[in-house]
Amino acid sequence: FQQMETMRLFQETEPMKGCINDNKECTDLYLPRKCQYSNRIINAKDRSSIQLSLAAIKDGRVDLNDTKQVVISGFVRTKGESDFALEKILKEQGDYPVSF
């Protein structure tokens, strides 16, 4: 657990941008997903990775136009840290409930 957290703190948190031309347009056809906790690239053969779509609740109703994506790699899930990783990511985004 300690090693994963220290590795996470030293890694870059900026999303992947790909190749950008002179007109400021992304020219890559495919940008692989990255785990938001460990910043590892999720390849096509990673069958245990997950991507959660969390919808916002406004006025007691689910707003499907306001969703946030959370991506967790299979590496984090096999280590048994996916629940901690999800909690950590949601706290950083400010979406984790303070009390139940």
Side-chain angles (χ1 to χ4, degrees):
F1 167 73
Q2 185 67 16
Q3 181 184 10
M4 177 76 73
E5 188 64 25
T6 55
M7 179 179 66
R8 182 174 184 270
L9 292 175
F10 290 117
Q11 288 181 343
E12 191 175 321
T13 58
E14 196 171 298
M16 296 178 73
K17 294 179 184 171
C19 293
I20 298 174
N21 62 8
D22 294 334
N23 297 332
K24 307 287 188 212
E25 298 170 343
C26 182
T27 59
D28 287 337
L29 296 176
Y30 172 72
L31 288 176
R33 297 181 300 160
K34 285 180 79 174
C35 176
Q36 289 178 315
Y37 184 69
S38 64
N39 272 349
R40 288 176 171 246
I41 293 178
I42 299 174
N43 60 9
K45 299 292 182 182
D46 189 358
R47 303 285 188 226
S48 59
S49 63
I50 58 170
Q51 179 172 340
L52 299 173
S53 296
L54 304 172
I57 298 176
K58 295 180 182 174
D59 299 328
R61 295 183 171 207
V62 176
D63 185 13
L64 295 177
N65 295 329
D66 186 16
T67 61
K68 293 190 178 183
Q69 304 288 328
V70 178
V71 180
I72 298 177
S73 67
F75 173 76
V76 175
R77 294 188 70 211
T78 55
K79 293 284 187 184
E81 297 182 10
S82 59
D83 55 342
F84 178 76
L86 181 61
E87 181 179 335
K88 188 90 167 170
I89 292 167
L90 291 177
K91 280 183 180 177
E92 288 174 357
Q93 292 177 354
D95 295 329
Y96 193 75
V98 178
S99 62
F100 292 97

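Heavy-atom basis, side chains included; hydrogens, waters and symmetry copies ignored.
Asp59 is linked by a side-chain contact (heavy atoms from CB on, under 4.5 Å) to nothing, counting only residues two or more places apart in sequence or in another chain. A search for side-chain hydrogen bond (donor to acceptor under 3.5 Å, both in side chains) contacts involving Ser53 returns Gln69, not counting sequence neighbours. Residues satisfying the side-chain contact (heavy atoms from CB on, under 4.5 Å) criterion with Leu90, sequence neighbours excluded, are Leu54, Val70, Leu86, Gln93, Asp95, Tyr96. Take Lys58 and apply the salt bridge (Lys or Arg N to Asp or Glu O under 4.0 Å) test, not counting sequence neighbours, and it matches Asp63, Asp66. Scored by the side-chain hydrogen bond (donor to acceptor under 3.5 Å, both in side chains) test, Ser48 finds Asp46 as partners (sequence neighbours excluded). Every residue meeting the side-chain hydrogen bond (donor to acceptor under 3.5 Å, both in side chains) condition with Glu87, not counting sequence neighbours, appears here in chain and number order: Lys91. Among residues two or more places apart in sequence or in another chain, the side-chain contact (heavy atoms from CB on, under 4.5 Å) test is passed with Asp83 by none.
Hydrophobic clustering of Ile, Leu, Val, Met, Phe, Trp and Tyr side chains at less than 4.5 Å, counting indirect connections, keeps Phe75 apart from Ile42.
Taken from CD in Glu81 to OG in Ser38, the straight-line distance is 9.5 Å, to the nearest 0.5 Å. Note that CG of Asn43 is 9.0 Å distant from NZ of Lys45, once rounded to the nearest 0.5 Å. Summarising the geometry, atom CD belonging to Gln51 is positioned 8.5 Å from atom CD belonging to Gln36; distances are rounded to the nearest 0.5 Å.
The two residues Leu64 and Thr67 make their nearest non-hydrogen contact at O-CG2, 3.3 Å. Of all non-hydrogen atoms in Ser73 and Cys35, the two that sit nearest each other are N-SG, 3.3 Å.
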Side chain to side chain contact (heavy atoms under 4.5 Å, CB included) assessment of Tyr37 paired with Ile89: CA-CA 7 Å; Tyr37 184 69; Ile89 292 167; 4.1 Å; yes
